[in-house]
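Take a look at the structure below.
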There are 2 protein chains.
Amino acid sequence: MSPAKNAEILKKSLIFSSLNEDELSALAGLAAERSFQPDEFILWEGDEPDYFYVVAEGQVKVVKNSSTGREFIIAFFGPGEMFGEVAVFEGKPYPASAQATSACRILAIKRQSFLDFLATRPQVALRIINILGGRLRDAQGRLKDFAGERVEQRLARILLMLASRMGTTLRFTRQELADMAGTTTETAIRVTGGLSERGIIITSRGQIIIADEAKLKALAEGPPEI
Amino acid sequence: MSPAKNAEILKKSLIFSSLNEDELSALAGLAAERSFQPDEFILWEGDEPDYFYVVAEGQVKVVKNSSTGREFIIAFFGPGEMFGEVAVFEGKPYPASAQATSACRILAIKRQSFLDFLATRPQVALRIINILGGRLRDAQGRLKDFAGERVEQRLARILLMLASRMGTTLRFTRQELADMAGTTTETAIRVTGGLSERGIIITSRGQIIIADEAKLKALAEGPPEI
DNA sequence: CTGCTTATGTGATGTAAATCATAGTCCGCT
DNA sequence: AGCGGACTATGATTTACATCACATAAGCAG
């Protein structure tokens, strides 16, 4: 609840690292802190985009549900990362839901306050352009994967992407992996089972350790025969 | 080759509509005009991002090739639309290739000149944030489709998206549709054949006319039994 | 008009992965 | 300890789609 602490959090975020103390406290003053329990929803797909969010503590997943009822995980976000921004900028409903995957503290900034703040801070705008650009690059890369590659390759790439962000020990269930790779839990289990047999990963309940990153990369690149 | 004409083109582009005459001519002065023949490549995936591009005339497709050799079409861009921007902002190699699909005139602006221009124009930066946001929303929506929906639904959505941008007469081959939907030419032919039999679209060589948008929307939303 | 190329159309066959079914295992909980 | 609910595992069956293999048709160039 302390604005000073909020400023600290914002400062650590890539987005606001260019701001000086005064600007940080101005922004922190706009932010309200909210807490969420694991599995609690922070926002729902279709809601009006009243707030822009930054994770202070914990982890959030952004999900969309397909017409067949399956859940698709678009991304995980941790401390310092923003979400809900696309809707805020466009003024259209949130295109996906956000759900806490652990106990979370989230900073919420009113849409209009944030837009006003942004209009006079070109550096922050450029940062956001960078972040959006990176996310777009990532999404388009994944699109190509989904269009052309098979499940094993997609999973390998997802594991590598997760590892680059959180290290070699990944605390995700096969179900979550499946929801990220756009496959079923059974298939995710079978594929990770195969990787495990080949010594590329070490699996246990609720976690996967990457044992042989080189082999995983080779797998992700394409079929062995290249 | 006339800077005045370039300024006209830039003005019509959504990105620069907030600029005044002076700013437009300043930007137009930075732009070099280049012409491309159909099928000619404007930039290649992996190239250094030396230029930011805006389509003046004609149509461009942005493509990525999967490890299996298949081509995946990320997007088509027409007059006033930018491309290559993600790489320019991040300073990393272009993540995809751009190829002219018709005779084109393209405005090319040097990376650093554009970044400098942008640093002092928050309005333009906000516009770009909007455009990137829209593209990100679109890419994530498609991701969910690729992860969970069937080819018929994906194709239906692609046809609707194209129709919303270019009207009900779509000048694309089944091969191009297949490359957008991440399927094979044969399957695209079979699926469009089915839609044609049901009177939803009218097909002919190199073009598709949407005859019953409502039915197409119903198809795109999900399986009939809902 | 006559090829030649590019696009469309269709069948037969193969296969990766979904689906359905069932069971075992880990872990928190009272 | 023992219960219940996630999580993991594995087999059998089905299916959407890719792949392979031709056939026909439309547009274009000489």
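Here is how names work: the chains are called A, B, and so on, in the same order as the sequence lines, proteins then strands, and each is numbered from 1. All figures in this text were calculated on a predicted structure; none of them were measured in a lab.
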Problem - Side-chain heavy-atom pair Arg174(A), Val191(A) within 4.5 angstrom cut-off - result: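 In short, these two side chains do not touch, never coming nearer than 4.5 Å.
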Handout entry: Parallel, tilted or perpendicular: ring planes of Tyr94(B) versus Tyr53(B), cut at 30 and 60 degrees
Key =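 Rings of Tyr94(B) and Tyr53(B): tilted, as their planes differ by 30° to 60°.
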Exercise for the section: Compute the ring centroids of Phe52(B) and Phe83(B), then answer whether they are less than 6.0 Å apart. Expected result: no
Give a yes-or-no answer on whether the side chains of [X] and [Y] include a donor-acceptor pair shorter than 3.5 Å.
| X | Y | answer |
| --- | --- | --- |
| Thr68(B) | Arg150(A) | no |
| Glu45(A) | Ser97(A) | no |
| Arg70(B) | Thr184(B) | no |
| Glu149(A) | Ser67(B) | yes |

Problem - Phosphate OP1/OP2 of dA6(D) contacted by Arg174(A) side-chain N/O (<4.0 Å) - result: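 No, because none of the side-chain N or O atoms of Arg174(A) sits under 4.0 Å from OP1 or OP2 of dA6(D).
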Exercise for the section: Output yes when at least one side-chain N/O atom of Arg70(B) is less than 4.0 Å from OP1 or OP2 of dT19(D), else no. Expected result: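 Result: yes.
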Problem - 5' priority, DNA chain D, between Thr173(A) and Arg190(A) [closest heavy atom] - result: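 Result: Thr173(A).
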Exercise for the section: Starting from the first five and the last five pairs of the helix from dC1(C)-dG30(D) to dT30(C)-dA1(D), work out the angle between the resulting helix axes, to 10 degrees. Expected result: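 Roughly 40°, once rounded to the nearest ten degrees.
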Handout entry: Lys/Arg N to Asp/Glu carboxylate O, Arg135(A) vs Glu85(A), below 4.0 Å
Key =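 A salt bridge links Arg135(A) with Glu85(A).
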Problem - Those residues of residues 194-211 of chain B lying under 4.0 Å from DNA chain C by at least one heavy atom - result: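 Contacting residues: Arg205(B), Gly206(B).
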Exercise for the section: Could you tell me from which nucleotide to which nucleotide of DNA chain C, 5' to 3', there is an atom under 4.0 Å from chain A heavy atoms? Expected result: dA16(C) to dC27(C)
Handout entry: Glu81(B) and Arg165(B): CA distance, side-chain angles, deciding distance, salt bridge (Lys or Arg N to Asp or Glu O under 4.0 Å) verdict
Key = CA-CA 12 Å; Glu81(B) 294 183 300; Arg165(B) 292 183 30 153; 3.3 Å; yes
